[in-house]
Amino acid sequence: MKCIECGTQTNDRLLDRELMVELPYRVVLRDSPAAVCPKCGEEYVGIQSPTETFLGLAQWIAKRPGRLHCSEVRFIRNALAWTQEQLGRKLGVAPETVSRWENGKKPVGYQSELALRFLVLVGSEVADQLDSTQDTPTKVEIGPGEEVRAAS
């Protein structure tokens, strides 16, 4: 690519880059692909796969010891692409409660924090089952070496 500032052909490099997120600590992306102008020094750094990067950071947050900071709750919710209403529904609380957690006006309850960490690590499919309106099956069949099949 050509430098926007001076028009010189850029060189591809890998750079460490601070990720600008609202968390109580710095987050540095190691070896981010970048284009650097050899003439003026202008740097063009991108994130190779933003969704995977943010989900990976959310999983790291969920695994770290200690209670979640309010900004970490907001970051996790955004990384999962959920609204406050959706997260509240999955955790069984009002959207206003999620807002209070994220603004630091109320700490996340212990059980809600465990559930949130679980959802990040296991995946949202588990919580989606709770929102399902599917009826309870009338029969479940299990055979040797087969998958479980349900019939309504």
Path from Leu114 to Leu91 over hydrophobic side-chain contacts below 4.5 Å: no
Is Leu116 close to Trp101 at the side-chain level, that is, under 4.5 Å between some pair of heavy atoms? no
Under a 3.5 Å distance rule, please check whether Asp16 uses its side chain to pair with a backbone N or O of Asp31 as donor and acceptor. yes
Between Tyr25 and Trp60, what is the ring plane arrangement, given parallel below 30°, perpendicular above 60°, and tilted in between? perpendicular
Rounded to the nearest 0.5 Å, the OG atom of Ser71 sits from the CD1 atom of Ile76 at a distance of 9.5 Å
Using atom types as modelled and distance alone, determine if a side-chain donor or acceptor of Glu52 lies under 3.5 Å from a backbone N or O of Ser49. no
Val98 vs Val93 side-chain heavy atoms within contact, under 4.5 Å: yes
Going from OG1 on Thr10 to NZ on Lys2, what distance comes out if it is rounded to the nearest 0.5 angstrom? 10.0 Å
CD of Glu22: more than 12 outside heavy atoms within 6.0 angstrom? no
Using only atom types and a distance under 3.5 Å, with no angle test, would you say the side chain of Arg67 pairs donor to acceptor with the backbone of Val108? yes
Does a side-chain heavy-atom distance below 4.5 Å link Val36 with Glu42? no
Which atoms form the tightest heavy-atom contact between Ala79 and Phe54, and what is the distance? CB-O, 3.8 Å
For the residue pair Cys3 and Cys40, what are the closest heavy atoms and their distance? SG-SG, 3.6 Å
Look up atom CG in Leu80 and atom CG in Leu87, then write down how far apart they are to the nearest 0.5 Å. 8.0 Å
Evaluate the salt bridge (charged side-chain N to carboxylate O under 4.0 Å, His left out) criterion for residues Glu96 and Arg100: first the C-alpha distance (whole Å), next the side-chain angles of each, then the deciding distance (0.1 Å), finally the verdict. CA-CA 6 Å; Glu96 295 81 12; Arg100 288 184 195 104; 6.0 Å; no
Taking atom OG1 of Thr97 and atom NZ of Lys105, what is their separation to the nearest 0.5 Å? 12.5 Å
Sequence neighbours excluded, the answer for ring-ring contact (aromatic ring centres under 6.0 Å, His included) partners of Tyr110 is none
Cluster check Val27, Leu55: I/L/V/M/F/W/Y, side chain < 4.5 angstrom: yes
Flag side-chain contact, heavy atom, 4.5 Å: Ser99 against Glu102: no
Side-chain heavy atoms nearer than 4.5 Å, only ILVMFWY residues, links allowed to pass through others: does that put Val73 and Leu121 together? no
Any side-chain heavy atom of Leu19 within less than 4.5 Å of one from Ile47? yes
Going by side-chain contact (heavy atoms from CB on, under 4.5 Å), name the residues that satisfy it together with Arg117, two or more places apart in sequence or in a different chain. Ala62, Leu68, Glu113
Do Asp12 and Pro33 have side chains that approach each other closer than 4.5 Å (heavy atoms only, starting at C-beta)? no
Looking at Gln9, I want to see if its CD is surrounded by more than 12 non-hydrogen atoms of other residues, nucleotides or ligands under 6.0 Å. yes
Taking C-beta and beyond as the side chain, do Arg17 and Val28 meet within less than 4.5 Å on heavy atoms? no
Closer than 4.0 angstrom, basic N to acidic O: yes or no for Glu72 and Arg64? yes
Do Trp82 and Leu119 touch side chain to side chain, with heavy atoms closer than 4.5 Å? yes
What is the distance from atom CD1 of Ile4 to atom CE of Met1, rounded to the nearest 0.5 Å? 5.0 Å
When rounded to the nearest 0.5 angstrom, what is the spacing between CG in Leu14 and CZ in Arg30? 11.0 Å
